[in-house]
Amino acid sequence: MKMKELFVQLPSLQFFATNTTGTINSGSGATSTKPNAYYDKLLLKLLVQTDFHHAKFAQNRPMPKRTGDTINFRKITKLGVSTTPLTEAVTPAGQSAALTAISATTAQYGNFLEFSDLVDVTMVDPIVKEYTVEMGRSARETLDILTREELNGGSNVRYASGRTSTATLAAGDKPTVDDFRKAVLAMKKAHVKPCTDGKYIAFISPDVSFDLLDDPKFLKAHEIGQNNKPLIKGEVADVYGIKFIEVVNAKVKEGAGASGVNVHCSVILGEKPYGITKIEGNGDIQTIIKSLGSAGTADPLNQRQSIGWKVNAFVAKRLEEAGICRYESVPTNA
């Protein structure tokens, strides 16, 4: 198998195999890939959602090599207005520039699968490529969830039905388009610019989307003057200056609401209020294949082999709390 066959381009990342010479075989039990199990694995791969959006609107700030594992994002402090008329021949006091440094430390992430050599002669199809693709999907989802957790960890929070905390949210506290509009209104008042194409972004779960599509105000705005052709993959609608995008990994606080209801978290974004980074040349996702016997004396009978993935450096960081709003609600089908 040629190297280029295993190359998959990821958003802001690269995914490649470092060793394509090992044959992957496995035996009975949990790691079985006999015919039925092999095709089950292939089917599962085809059914898995692979579109992840949480990092799509982040600032990308790669770090140079050999500069440590910490990055400082710079945030410019908003300048005040000058409403006092100038006095002839008198120089005003002037303003002071101020920058805020927000530090973030990168970390390594990765995982692997082990296989045995027991069914070498009964292998139906080579599965290196299939598991390589699956490892890439798993790696992408890992980074998506890491970014999601950072976005949902902020202090700018709103609750459905005027509730004041997660614990007070109850069945019937459904998401409404007005709540999203109020979140955007607050951003506008805080001088937070739109996220993209003059629009704010809302990441929502499929359950939240289900309720919004029944909201009369949502339906009216969507039907009047809309072309019904989403411009972003996963976009449900573009209404009231907000692009609503379904994300399968939206955060759900299971059993956190009143009487143990599940609380769904939506994230509304302004202009680049968060960043992600990697170390240049060391932040790429790698697929690592270890063939039979590659462990030397640790595998004296050539019985074990593995496929794994690793990213050497990754971090997501909130930079502007006013530009990230978490909205919590209890969808009808939560």
To check you understand the geometry: which heavy-atom pair defines the closest contact between [X] and [Y], and what is its length?
X	Y	answer
Ala256	Val263	C-CG2, 4.3 Å
Ser161	Gly172	OG-O, 4.4 Å
Pro331	Pro175	CA-CD, 3.9 Å
Ile268	Ala183	CD1-CB, 4.1 Å
Pro300	Ala298	CD-C, 3.5 Å
Asp173	Thr168	OD2-O, 4.1 Å

Ring center gap for [X] and [Y] short of 6.0 angstrom:
X	Y	result
Tyr240	Phe180	no
Phe203	His54	yes
Tyr159	Tyr327	no

* Candidate pair Leu319 and Lys317, rule side-chain contact (heavy atoms from CB on, under 4.5 Å), full reasoning -> CA-CA 6 Å; Leu319 305 177; Lys317 188 70 175 178; 4.2 Å; yes
Could you tell me whether the side chain of [Y] reaches within less than 4.5 Å of the side chain of [X], counting heavy atoms only?
X	Y	result
Leu213	Ser209	yes
Thr106	Phe314	no
Arg318	Pro273	no
Ile242	Lys199	no
Asp144	Thr147	no
Val236	Leu212	no
Lys243	Tyr200	no
Lys217	Arg181	yes

Please answer: with hydrophobic residues joined when any side-chain heavy atoms are less than 4.5 Å apart, are [X] and [Y] in the same cluster?
X	Y	result
Leu113	Val311	yes
Leu146	Trp309	yes
Phe218	Phe210	no

I need the [X] [atom1] to [Y] [atom2] distance, nearest 0.5 Å.
X	Y	atom1	atom2	answer
Glu254	Asn262	CD	CG	5.5 Å
Leu169	Ser329	CG	OG	7.5 Å
Asp207	Ser266	CG	OG	10.0 Å
Ser306	Asn111	OG	CG	11.0 Å
Asn333	Lys174	CG	NZ	10.0 Å
Cys195	Met187	SG	CE	9.0 Å

Could you tell me whether a side-chain N or O of [X] sits under 3.5 Å from a main-chain N or O of [Y], the two making a donor and an acceptor?
X	Y	result
Ser205	Val208	yes
Gln59	Ile276	no
Asn152	Arg148	yes
Thr142	Ser138	yes
Arg326	Gly154	yes

* Asked: Between Leu269 and Ile324, is a side-chain contact (heavy atoms from CB on, under 4.5 Å) present by the stated rule, with each step listed?
  -> CA-CA 5 Å; Leu269 298 173; Ile324 305 174; 4.0 Å; yes
* Considering residues at least two apart in sequence or located in another chain, which fulfil the ring-ring contact (aromatic ring centres under 6.0 Å, His included) criterion with His264? -> none
* Apply side-chain hydrogen bond (donor to acceptor under 3.5 Å, both in side chains) to Glu321 and Asn156, showing your working. => CA-CA 6 Å; Glu321 294 292 341; Asn156 185 7; over 6 Å; no
* **side-chain contact (heavy atoms from CB on, under 4.5 Å) assessment of Tyr109 paired with Lys310** => CA-CA 6 Å; Tyr109 299 93; Lys310 184 175 72 171; over 6 Å; no
* Within a radius of less than 6.0 Å around NZ of Lys253, do more than 12 heavy atoms belonging to other residues, nucleotides or ligands occur? -> yes
* To do: Carefully, step by step, assess Thr332 and Asp211 under the rule side-chain hydrogen bond (donor to acceptor under 3.5 Å, both in side chains).
  => CA-CA 7 Å; Thr332 303; Asp211 279 343; 2.8 Å; yes
* Go through the steps to decide whether Glu320 and Lys272 satisfy the test salt bridge (charged side-chain N to carboxylate O under 4.0 Å, His left out), and finish with yes or no. => CA-CA 8 Å; Glu320 179 57 69; Lys272 294 184 178 180; over 6 Å; no
* Go through the steps for Ile145 and Glu141 under the test side-chain contact (heavy atoms from CB on, under 4.5 Å), then give the verdict. => CA-CA 6 Å; Ile145 290 176; Glu141 185 171 14; 4.1 Å; yes
* Quick one: do Arg158 and Glu328 make a salt bridge, cutoff under 4.0 Å? -> no
* For the residue pair Thr176 and Asp215, confirm or rule out a side-chain donor-acceptor distance under 3.5 Å. => no
